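One structure is given here, and the rest of the page talks about it.
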Amino acid sequence: MARGLRPLVRGALLLAAASVVVFAATALLPGDAAQLRVSPGATDEQVRALRQELGQDAAPWRLYTDWTAGLLRGDLGTSLVNDRPVLDAVLQRLPATATLIGLSLALAAPAMLLLGGWAGAARASRGAAGAFLTGGAAVPAVVVAAGAAALLSGVLDLVPAVSLLPPGTHPVHHPELLVLPVLSMALPTALFGAGLVSGAVADTVSRPHVVDALRRGRPLWSVAAVDVLPFLLAPFTRVLAVSAGGLIAATTIVETLFGYPGLGSLLVSAVASRDTPVVQAVAMLAAAVVLAGLAVSDAVADGTDPRSRAW
Amino acid sequence: MVNRLLATVLLAAVLATAALGGWAAPYDPTDPVAPPWQGSGPGHLLGTDALGRDVWSRVLSGGADLLAVSVTAALAASATGLAGGLAAGWLGGAADRVLTALTDLLLAVPSLLLALVAAIALPGPAAVVVATVCGGAPLTLRVVRDAVRAVRTTGYVEAARCRGESTAAIALREILPAMKGTVLADLGLRLVVAVQIASALNVLGFGTPPPEPDWALMLRENMAGVAMNPWAVAAPALALGLTTTALALSVYLATDRDPRATTSREDTRAGI
């Protein structure tokens, strides 16, 4: 029981630490919303008055405890730019981003297993497969997005280059708008994940039971399914968790480039307008999802570790 | 061997173009010199962009700042990780545990998100450095720590201790030379990630301000006219992609025969 709880406790502690980092980076440093909102030429007096009105003049520790208490109650504060509740903005954009990340992961996961299996099995010869994955994974996400747009929209004219979603509609009803963002996110993730999976595959295929099964002449697919796949469960879950974190970060680039109205583009515009409550809320949501993914992968690793079995 | 040579030559060519290309540019990269969105043709090798600026000149001058920021960030990450790794590996015990816990914490956060949060208070280049150090130094630290622990009890290091040499002298003369290859390969990976973060911040508008030429910024600026002049997007995309791919391949091929290197391959991406 205590063992099963460990990933949960670790995740909660890391989330608390992340909240301190996010708060320190956004609230304590210069770049203050009050200075941003006053009209040009305002006196120091007026800036101070506005800061008081915005509730930004209390002691830092006080602001932090108020903020975390609000988060725990589900109160994310109000936007400094338009005075609307942050929770509304987040909830409105959450489905679009969740769809984007879910589809990208669903597309990338099988590709990771196939490419990773191929590269891992070929690792004895090194060279081509590993070099392909390494070189491909190094290409910046912006380049993949721009390349996909230039090819599919610019040259072939298959899909719109801008994925402006009418407000209040779910992206599933406009699949053509999802093609470029999903491709731009899934492709780098698949190559990156395949590189990680290939290491685990290479380790597994050199295990004695796999070598033995192959020598007995059992068909390749049966060896892959029965003798190799179970050993990949824990590392593959880990790769998926890390990839999900990468996908969350990638939404900022992809959503901004394609004008897709999700949490990633919300975060970018909030950073640009120094809208700290929005930045804090989106960053904490991202951190919570990333850490939850890592906690799940830790739990799977603990659960599938043969040493932890009770018999 | 031939592959390795090819990758190195490609890398050197890309880096030299980025660093020195500005001097070879036929036009001023910020001056409108022809009608907008011209295709490739005589006088303008890669055509022109939305404002009629020469794309070839902008590609030649658009990598210098990006690479300068990235190299600074990579060196800072590598130096921080090296210092931490030496301390953790050499001291062991409580120092090792504290540093390992700190690296676990930092590695849980995607670097690009860190860069964005940092960009709220810092100028773009500083945010790139902060994110690269926070996301990269922990990986360097792990690699260096393991390497230090491996050589700590070897004969030549013990001999140096018996001669009464100071810890600093042992670190500089005995330990560092033994892991030169590991540290250099790791520096290459830090640089790949730094370029990825820097290009992302530039595309999002927190880095190089227009009208300065910048590969990443050009991608966004020229997307609207991609049907009229595809080179305006393709050329900067190729330049960026070639830079990071050549870097990663050079590292991959250089560490090909080094069994320790497989451990560090885990993180050629910034979680972007």
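Just so you know, these numbers use all the heavy atoms, side chains as well, and skip hydrogens, waters and symmetry mates. Because the structure is predicted, anything quoted here is derived from the model rather than measured. Note on naming: letters A, B, ... go to the chains in the order of the sequence lines (proteins, then strands), and numbering restarts at 1 for each one.
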- Task: Counting only heavy atoms closer than 4.5 Å, note whether A:Val290 contacts chain B via side chain, backbone, both or neither.
- Result: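 It is the side chain, since no backbone atom gets that close.
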- Pick one of side chain, backbone, both or neither for A:Leu151, based on which atoms fall under 4.5 Å of a heavy atom in chain B.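 Contact with chain B is absent: no heavy atom of A:Leu151 under 4.5 Å.
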- Message: Please classify the contact of B:Ala234 with chain A as side chain, backbone, both or neither, using a heavy-atom distance under 4.5 Å.
- Response: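 Nothing of B:Ala234, per the 4.5 Å heavy-atom cut-off to chain A.
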- What option among B:Val233, B:Leu249, B:Val226, B:Leu204 has the most heavy-atom pairs under 4.5 Å with chain A?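 If we count pairs closer than 4.5 Å to chain A, B:Leu204 comes out on top.
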Do you know the tightest heavy-atom contact between [X] and [Y]?
X        : Y        : answer
A:Ala25  : B:Ile120 : O-CG2, 3.9 Å
A:Ala283 : B:Val117 : CB-CG2, 4.2 Å
A:Val143 : B:Gly241 : CG2-N, 4.2 Å
A:Ala146 : B:Leu219 : CB-CD2, 3.8 Å
A:Ile253 : B:Ala200 : CD1-CB, 3.6 Å

- Query: Does the B:Gln196 side chain pair with the main chain of A:Ala141, one donor and one acceptor, at a distance under 3.5 Å?
  - Reply: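 Not at all, since once roles are kept as given, no pair shorter than 3.5 Å links the two residues.
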- So, does A:Thr134 use its side chain to make a donor-acceptor pair with the main chain of B:Tyr252 at under 3.5 Å?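 A pair under 3.5 Å: no.
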- Query: Of all of A:Leu294, A:Leu14, A:Val268, A:Leu291, which one pairs up most often with chain B through heavy atoms under 4.5 Å apart?
  - Reply: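 Most heavy-atom pairs under 4.5 Å with chain B: A:Val268.
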- Message: According to side chain to side chain contact (heavy atoms under 4.5 Å, CB included), who are the partners of B:Ala216, at least two apart in sequence or on a separate chain?
- Response: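 By the side chain to side chain contact (heavy atoms under 4.5 Å, CB included) rule, B:Ala216 matches B:Ser199, B:Asn202, B:Val203, B:Asp214, B:Leu240.
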List, one per line, each side-chain donor-acceptor pair under 3.5 Å for residues 239-249 of chain A, sequence neighbours excluded.
unit_1	atom_1	unit_2	atom_2	d
A:Ser243	OG	A:Val239	O	2.7

- Message: Would you say that B:Leu116 contacts A:Thr252 through its side chain, given a criterion of any heavy-atom pair below 4.5 Å between the two side chains?
- Response: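 A side-chain contact under 4.5 Å exists here.
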- Output every pair passing salt bridge (charged side-chain N to carboxylate O under 4.0 Å, His left out) with a member in residues 220-231 of chain B, not counting sequence neighbours, ordered by first then second residue.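 Pairs touching residues 220-231 of chain B that pass the test: B:Arg53-B:Glu221, B:Arg58-B:Glu221.
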- Message: Checking an interface table here. Which of residues 127-136 of chain B come within a heavy-atom distance under 4.5 Å of chain A?
- Response: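 Expected list: none.
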- How about B:Trp56: does its CH2 atom have over 12 heavy atoms from other parts shown lying under 6.0 Å from it?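 Count not over threshold, so no.
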- Would you indicate whether A:Trp67, at its atom CH2, is surrounded by more than 12 heavy atoms from other residues, nucleotides or ligands within a distance under 6.0 Å?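 Yes - once you tally the heavy atoms of other residues, nucleotides and ligands closer than 6.0 Å, there are more than 12.
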